[in-house]
Amino acid sequence: MPEKSYNHNEIELKWHERWIADQALYRADPTSGKPKYYVSEMLPYPSGRLHMGHVRNYSIGDALARYMWMRGYDVLHPMGWDAFGLPAENAAIKNNRHPHEWTMSNIAVMKQQMHRMGFAYDWDREIASCLPEYYRWNQWFFLKMYERGLAYRKKALVNWCPECATVLANEQVIDGFCWRHETTKVEQRTLEQWFLKITQYADELLDAIKGLEGGWPERVLSMQRNWIGRSEGAEVDFTMESTGQKVRVFTTRIDTIYGATCVILAPEHPYVAPLLDDAGKARIKAMIEDRANQADEGDVVKDGIFTGAYALNPFNGERVPVWVGNFVLMGYGTGAIMAVPAHDERDFEFCTQFGISIRPVIRPVDGELPATVKEAFGEYGVVENSGEWSGLASADARKKMAGFAKERGFGEAAITFRIKDWGISRQRYWGTPIPFIHCAKCGIVPVPEIDLPVVLPLDVKITGKGRSPLADHPSFVNTTCPRCGEPAQRETDTMDTFVDSSWYFYRYCDPKNVNGPFDSATIAKWFPIDQYIGGVTHAILHLIYSRFWTKVMRDMGLITNDEPAANLFTQGMVLGTDGSAMSKSKGNVVDPEEMIGKYGADTCRLFVLFAAPPEKDMPWIEASVGGQRKFIDRVYRFVTRNVDREGAAPNADADKKAIRKLNQTIRKVTQDFSNRWHFNTSIAALMELVNELYAAEEGMSRQAIDEVLPKLVLLLAPFAPYIAEELWSELGRTGPVFRQPWPEFDEELAKEDAAEVVLQVNGKVRGRILVPFGLDKGELEKLALADPKTQAFFEGKSVVKVVVVPDKLVNIVVK
RNA sequence: GCCCGGGUGGCGAAAUCGGCAGACGCAACGGACUUAAAAUCCGUUAUCCGCAAGGGUGUGCGGGUUCAAUUCCCGCCCCGGGCACCA
């Protein structure tokens, strides 16, 4: 009889259709006692199509979900649709389609592809963070934050991407370029913008990182620590000599203040312009532009101008010159510094360059003050030449001097963060409208809750250039003031789409709720997320915003968890054939649909799991993909040709070998699922099992075959669901296979007959012997010394020591 | 400059707690089957010396600890990522 061969298209499509017909299979029941919440965050392509990165991301989560299902847990496993907005709008403009329609059709396509991959995705739940109902709750949150002072509008220097024609948050600017347009320089503009006060949570966001250690990758945590950038110091007011204005500076080294020899302002500092003539103003303007152009360079060449003004040091009354320096940042601290050239490398460079005096005031604990300063001494030491503070240790002086400043009202201890408030205004159509109304009389007025959601009009002309298309839509803009009833205008900025992604995984647990963003009791059952799976690219974007959002929701009393996810897994990228990240512009993209057609969904999934451990980047090598297909074919043939076979007469040897390997494999795969998710080794173990079964096949009895076949299929189910389902039904069983209990292993059956003990002489392997397990040390040593092959290596030498590791190894040390 | 990762055959990788380096797969080569090819099945495959038996070397480099190091410690080199005149 000719053997059946595995026709992936026919078989996968068959199950695909049945699974779609019975969507209830995938539904999770949050009332059960064993909930597990996994989220696979997949940043979709603007085209809305799956790419290999998505396939890998979801294959990891799906394998886990299927395994946990088989373990009796209820698993909720949505995928994130985050950041669907801006890319979708850009792609829609390019394709001359309306973004709403474009996105809806993309979602349909993507869903279909998800289904075709055989992902256990509960498609009855809609996340659709682009739908009006989701906007309602974005807006609702926004109003609540406004009430709490967490949302505000102000004129500020912001990042503007000319290509996106919108403002960007700091997190979306990478080395001075737009995160979406690698070659577009971001400009600085002063605009009225909406912000969320993430800085209010900066301290907690930083401190709570401790609690994430172990559950989150160190790489991500260290990026977040860097990004938040907490720095403890003090703010001190210098006094402008001529006007009496206070110039507030931030310093981490108030103990060095007697060594301050000038005050340096950022070029954008508001005090600067009035001090300068036209030529000076022009130089400042040039300085700002130069800086912007050098944004991607490491070192900026220092430049400065003396303003002609002087300021007084509040500690010693000293009169010091006020300069403008291009290296002083307006956006950090107070935009002004006191320069202490003797104890700060940058100040030293600046002051040396411009001939400003240098005065040391800190000596090393076991050293002297230098007569002339050749380089900055930036470490802590002992304060000198500082009036009453002289003789104090730096750390002590920092505290006492900050206290003194506070007492006298010219400063205080202060903490500065690198992270800035989250600018969420976007001058785009595609996003949640910010629910505010501008009234000539009443100012900025929130839209009353009852009028939510403010929905996007559909009849807009999308240009992608200049201001939001909403601003040109009179029936959207013109409204009446909810407070005084006079004609007024709507806010036309929309929210950053990272707002959507900040809490979508909460909404997903309760997607149809019309009374609130979600039901708190339902959230409490699922949260925190047991496992969040995503790319490392979001370490300081999405993953910091959603932590912030969680803390705000907690303080609003909506949830009780402090963090969104207990565990974070960052999967590696799928690299193109040339070894670099897959991207359309490089033309090294592999189309999943093409691969599914060619090899089947199961093969693709096995390959992305087998090629490398999931946290590592993996290359897409098509030649290797065939190997996974070969494996599936081997399994298929083995099961189908043995399903009805009579089997050999009971054969202790072949049966024992097969059953032993089976039990060892169950143990290995189970351990990989619980310890680490190195599915590559799990799949390798399955291959070993199949190889062993091929070798033992002839001699296997019917009884052994019946033991092996179903368990083999179950072991395969988390990784290759289609073939598992098909073979499960070939075995005459009823599915779905992922609701079957996970096979247990028997430690006794997994045991080898005898322990193979390695014999070493001076650490080199010279022989090996088979001994019964648990043989005691003395016996084992005797056997080892008696082994003729090994003896040859220590004959004539004296045995110094024998190290015995039971069941494993004997090392004979000789001289 | 600071902070995280990483470096193992021709290639992807494995070795989970200090105990046989290279499991599993790809590619390559050989054999069986076939008129032939594909497919399939069975082998070989770190490297050097050797006809072979066998032996030497080998996890980026240099040291150290240990009976024993891919694994631990110290000092370097290289690659990737993050932060960066952040006061």
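In what follows, chains carry the letters A, B, and so on, assigned in the order in which the sequence lines appear, proteins first and then strands, with residues in each chain numbered from 1.
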(message) From CH2 of A:Trp227 over to C1' of B:rG81, roughly how many Å is that when rounded to an integer?
(response) 15 Å
(message) Salt bridge check, A:Lys598 against A:Glu622: does any charged N sit closer than 4.0 Å to a carboxylate O?
(response) yes
(message) Give me the distance, rounded to whole Å, that separates B:rC26 from B:rU59 when you measure between the P atoms they each carry.
(response) 28 Å
(message) Applying a 4.0 Å non-hydrogen cut-off, can you work out what A:Ile683 is touching in the nucleic acid: base, sugar-phosphate, or nothing?
(response) nothing
(request) Rounded to whole angstrom, note down the C1' distance from B:rC4 over to B:rA87. (result) 25 Å
(message) Need one value for A:Phe348: base, sugar-phosphate or nothing, where a base atom within 4.0 Å counts as base even if backbone is also close, heavy atoms only.
(response) nothing
(message) Parallel, tilted or perpendicular: which one describes the rings of A:Phe327 and A:Phe350, with boundaries at 30° and 60°?
(response) tilted
(message) At less than 4.0 Å, is any side-chain N or O atom of A:Lys630 found next to OP1 or OP2 of B:rA39? Yes or no.
(response) no
(message) The side chain of A:Tyr694 is closest to which nucleotide in this list: B:rC41, B:rA87, B:rU40?
(response) B:rC41
(message) Side chain of A:Thr681, heavy atoms from C-beta onward: which of B:rA14, B:rC20, B:rG55 has the nearest atom to it?
(response) B:rA14
(request) Would you indicate whether the side-chain heavy atoms of A:Phe610 and A:Leu686 approach each other to under 4.5 Å? (result) no
(message) Measuring from the side chain of A:Gln628 (C-beta onward, heavy atoms only), which nucleotide among B:rC41, B:rG25, B:rG12 has the closest atom?
(response) B:rG25
(request) May I ask you to say what A:Arg766 touches in the nucleic acid, namely base, sugar-phosphate or nothing, with a heavy-atom cut-off under 4.0 Å? (result) sugar-phosphate
(request) Have a look at B:rC17 and give me syn or anti from its glycosidic angle (syn if within 90° of zero). (result) syn
(request) Can you figure out which of B:rA13, B:rA21, B:rA14 approaches the side chain of A:Lys616 most closely? (result) B:rA13
(message) When you measure only distances, ignoring hydrogens and angles, does the side chain of A:Asn226 come within 3.5 Å of the base of B:rC83 through a donor and an acceptor?
(response) no
(request) Calculate the interatomic distance between A:Glu697 atom CD and B:rU40 atom C1'; express it in whole Å. (result) 13 Å
(message) How long is the straight-line distance from SG of A:Cys262 back to CD1 of A:Ile337, given to the nearest 0.5 Å?
(response) 7.0 Å
(request) For A:Ile632 and B:rG25, give me the distance from atom CD1 to atom C1', rounded to whole Å. (result) 14 Å
(request) Decide, yes or no, whether a salt bridge links A:Arg248 with A:Glu412 under the criterion of side-chain N to carboxylate O below 4.0 Å. (result) yes
(request) Examine A:Tyr271 together with A:Phe238 and report whether their ring centres are nearer than 6.0 Å. (result) no
(request) Report the nucleotide, chosen from B:rG82, B:rA15, B:rC3, that has the shortest atom-to-atom distance to any side-chain atom of A:Met223. (result) B:rG82
(message) In terms of relative ring orientation, are A:Tyr332 and A:Phe250 parallel, tilted or perpendicular, with 30° and 60° separating the classes?
(response) perpendicular
(request) Would you tell me if any nitrogen or oxygen in the side chain of A:Lys764 comes within less than 4.0 Å of OP1 or OP2 on B:rG58? (result) no
(request) Please measure how far the P atom in B:rG58 lies from the corresponding atom in B:rU70, and state the result in whole Å. (result) 10 Å
(request) Would you mind telling me which of B:rG25, B:rC24, B:rC86 lies closest to the side-chain atoms of A:Glu688? (result) B:rC24
(request) Kindly point out which of B:rA23, B:rA13, B:rA87 is positioned nearest to the side chain of A:Val328? (result) B:rA87
(request) Mind calculating the distance between NE2 (A:His678) and C1' (B:rG25) to the nearest angstrom? (result) 17 Å
(request) Answer yes or no: is there a side-chain heavy-atom contact under 4.5 Å between A:Tyr380 and A:Arg253? (result) yes
(request) Round to the nearest Å and state the distance from A:Leu575 atom CG to B:rG12 atom P. (result) 11 Å
(message) At 4.0 Å (heavy atoms only), tell me whether A:Gln760 reaches a base, stays on the sugar-phosphate, or touches nothing.
(response) base
(request) Determine the interplanar angle of the A:Phe410 and A:Phe315 rings, folded into 0 to 90°, and report it as parallel if under 30°, tilted if 30 to 60°, perpendicular if over 60°. (result) perpendicular
(message) Regarding A:Asn675, tell me which of base, sugar-phosphate or nothing describes its non-hydrogen contacts under 4.0 Å with the strands shown.
(response) base
(request) Measure from NZ or CZ of A:Arg641 to the centre of the six-membered ring of A:Tyr694 and say whether it is under 6.0 Å with the direction within 45° of the ring axis. (result) yes
(request) Flag the pair A:Arg629 and A:Asp602 as a salt bridge only when some basic side-chain nitrogen lies within less than 4.0 angstrom of an acidic carboxylate oxygen. (result) no
(request) Give one of base, sugar-phosphate or nothing for A:Arg230, where a contact means two heavy atoms less than 4.0 Å apart. (result) nothing
(request) Just call it for A:Asn691: base, sugar-phosphate, or nothing, with non-hydrogen atoms closer than 4.0 Å on any strand. (result) sugar-phosphate
(request) Grab the stems for RNA chain B, please: at least three consecutive Watson-Crick or wobble pairs, both distances below 3.5 Å, written as range with range. (result) B:1-7 with B:77-83, B:10-12 with B:24-26, B:28-32 with B:40-44, B:46-49 with B:54-57, B:60-64 with B:72-76
(message) Could you tell me how far apart A:Phe631 (CZ) and B:rA13 (P) are, to the nearest whole angstrom?
(response) 20 Å
(request) Return the nearest nucleotide to the side chain of A:Ile621; candidates are B:rC20, B:rG12, B:rC86. (result) B:rG12
(message) Taking B:rC48 as the reference, what is the distance to B:rG10 when you measure between their P atoms (whole Å, please)?
(response) 10 Å
(message) Taking B:rA69 as the reference, what is the distance to B:rC61 when you measure between their P atoms (whole Å, please)?
(response) 15 Å
(message) So, OP1 or OP2 of B:rA87: does either fall under 4.0 Å of a side-chain N or O from A:Ser231?
(response) yes
(message) Give me the distance, rounded to whole Å, that separates B:rG5 from B:rA38 when you measure between the P atoms they each carry.
(response) 49 Å
(request) Round to a whole Å and report the spacing from CG of A:Leu609 to C1' of B:rG25. (result) 14 Å
(message) Check this one for me: any side-chain N or O of A:Asn680 less than 4.0 Å away from OP1 or OP2 of B:rG12?
(response) no
(message) On RNA chain B, does the nearest nucleotide to A:Arg225 precede the nearest nucleotide to A:Gly763 from the 5' side, or the other way round? Give the residue.
(response) A:Arg225
(message) Using the side-chain heavy atoms of A:Arg637, tell me which of these nucleotides is nearest: B:rU57, B:rA23, B:rU40.
(response) B:rU40
(message) It should be established whether A:Lys801 places a side-chain nitrogen or oxygen under 4.0 Å from OP1 or OP2 of nucleotide B:rC67.
(response) yes
(message) What contact category does A:Glu756 fall into here, base, sugar-phosphate, or nothing, at under 4.0 angstrom with non-hydrogen atoms?
(response) base
(request) Taking only the side-chain heavy atoms of A:Arg219 (C-beta and beyond), determine which of B:rC4, B:rA15, B:rG12 contains the nearest atom. (result) B:rC4
(message) Anti or syn, where syn is a glycosidic angle within 90° of 0; which label fits B:rG9?
(response) syn
(message) Distance check, P atoms only: B:rC67 and B:rC77, in whole angstrom units.
(response) 32 Å
(message) Output the rounded distance in Å from CD (A:Glu213) to P (B:rC4).
(response) 12 Å
(request) Would you mind checking if A:Glu692 and A:Arg660 are paired as a salt bridge, meaning a charged N to carboxylate O distance below 4.0 Å? (result) no
(message) Looking at A:Arg768 and B:rC20, is any side-chain donor or acceptor paired with a base atom of the opposite kind under 3.5 Å?
(response) yes
(request) Let me know, please, whether A:Thr252 or A:Gly627 comes out on the 5' side of the other along RNA chain B by nearest nucleotide. (result) A:Gly627
(request) Quote, to the nearest angstrom, the C1' distance that separates B:rC78 from B:rG60. (result) 7 Å
(request) Would you indicate what A:Lys302 reaches in the nucleic acid, counting non-hydrogen atoms under 4.0 angstrom: base, sugar-phosphate, or nothing? (result) base
(request) Mind checking A:Pro217 for me? I need base, sugar-phosphate or nothing, with any heavy atom below 4.0 Å counting as a touch. (result) nothing
